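Some notes on the structure that comes next.
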Number of protein chains: 2
Amino acid sequence: MAKDRTQAQGLRELGGVDRVVHEPARLMILMILYGVREADALFLLNATELTWGNLSSHVSKLEEAGYVEVDKGFAGKKPRTMLRLTGAGRRAVDDYRATMQAALKKPGAR
Amino acid sequence: MAKDRTQAQGLRELGGVDRVVHEPARLMILMILYGVREADALFLLNATELTWGNLSSHVSKLEEAGYVEVDKGFAGKKPRTMLRLTGAGRRAVDDYRATMQAALKKPGAR
DNA sequence: CCAAGTACTTTGTATGGCAAAGTAAACGGG
DNA sequence: CCCGTTTACTTTGCCATACAAAGTACTTGG
């Protein structure tokens with residue numbers, strides 16, 4: 001019963017999960033940036049297999065939420081967009097991971 | 001590098017994640033049913049803190065997807081809706097858990 | 001016998017994801 | 001040097017769907 005309470009508690013937190021992070025496309029981006037310090041848009045395009053349109057709009061949303069920093073520069077003559085997680089972004093991912101991992105704990109199978 | 005490949009592989013699976021399961025409200029319902037054999041609507045209402053409207057529409061969607069069985073009966077004179085995971089529902093949860101847990105593995109922090 | 005409560009379902013709205021089209025600059029052939 | 005192609009994105013538009021609010025049907029208590 002106490003165990004059920006804990007499980008239920010973890011589940012209820014799902015209701016308030018950060019939707020910005022929860023979206024699969026953005027979670028991919030965030031998890032990649034989490035382990036890599038910085039990456040350019042082309043790398044993310046390949047790693048996520050998103051279209052340019054989706055990548056762009058999701059990055060905009062992440063920027064808007066303050067979770068990633070976007071650094072538009074040039075590599076030689078070509079435009080090059082570098083992306084980096086902010087502190088808030090890193091915290092958001094940590095929170096999300098904690099919430100989801102708690103919620104996905106196997107309940108005493110019966 | 002080999003490690004990065006594995007990580008990336010796990011992440012890319014996120015793109016095809018089952019949206020029926022991924023929605024927090026429905027994931028709550030599914031995880032509760034996963035460990036409990038059957039539950040009535042009122043119990044789910046309390047456990048999830050959803051409104052009747054939300055609970056009803058999410059349950060409909062889960063039924064439509066073939067993930068839960070809905071058994072409308074009576075307890076005395078009062079209508080009583082009993083819910084149960086189907087085999088497909090259990091498999092969907094297993095798949096989802098595997099995908100998410102792989103994706104949320106901590107990348108070698110740097 | 002009717003007002004209030006219980007147990008839902010249906011409808012409406014507004015957000016948001018994805019795709020397709022659009023834009024801007026650089027390269028490359030004629 | 002011009003013009004089509006490629007690269008690197010951004011913007012627009014449509015459609016799905018999540019959540020809330022209102023509606024429905026039956027039952028119980030006064």
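Nothing here was measured: the structure is a model prediction, and the numbers come from that model. Throughout, a chain's letter reflects where its sequence line sits, starting with A, and its residues are numbered from 1.
Whole-Å rounding puts the B/Leu14 CG to C/dG17 C1' distance at 16 Å. Summarising the geometry, the separation between CG on B/Leu45 and P on D/dA20 is reported as 13 Å, rounded to the nearest angstrom. Protein atom CG of A/Leu27 is 17 Å distant from nucleotide atom P of C/dG16, rounded to whole Å. Whole-Å rounding puts the B/Leu44 CG to C/dT9 P distance at 13 Å. Note: CD (A/Glu23) to P (C/dT15) measures 17 Å, nearest angstrom. Atom CG of A/Leu50 is separated from atom P of C/dA20 by 15 Å (rounded to the nearest Å). As rounded to whole Å, 17 Å separates atom C1' of C/dA7 from atom CZ of B/Phe43. As a whole-Å value, the separation of A/Asn46 CG from D/dT7 C1' is 13 Å.
Listed here is the closest heavy atom pair of B/Arg84 and B/Asp71: NH2-OD2, 3.7 Å. In terms of heavy-atom proximity, A/Thr99 sits nearest to A/Glu13 at OG1-OE1, 3.7 Å. The shortest heavy-atom contact between B/Leu14 and A/Pro24 is O-CB, 3.4 Å. In this structure, A/Ala39 and A/Phe43 approach most closely via the heavy-atom pair CB-CD2, 3.8 Å. Considering all non-hydrogen atoms of both residues, B/Ala25 and B/Leu50 come closest at CB-CD2, 3.9 Å.
Screening A/Arg97, A/Arg91, A/Arg90 for a side-chain contact (heavy atoms from CB on, under 4.5 Å) with A/Val93, the sole residue that qualifies is A/Arg97.
Interatomic distance, A/Glu69 CD to A/Glu63 CD, rounded to the nearest 0.5 Å: 9.0 Å.
Residue B/Thr81 places none of its side-chain N or O atoms closer than 4.0 Å to OP1 or OP2 of C/dA7.
Residue A/Trp52 has its side chain nearest to D/dC9 when only D/dC9, C/dC18, D/dA20 are considered.
Nearer to the 5' terminus of DNA chain D, by closest-nucleotide assignment, is the contact made by A/Ala41 (compared with the other of A/Ala41 and A/Arg19).
Of the residues in residues 53-79 of chain A, A/Gly53, A/Asn54, A/His58, A/Lys61, A/Lys77 come within less than 4.0 Å of DNA chain C through at least one heavy atom, sorted by number.
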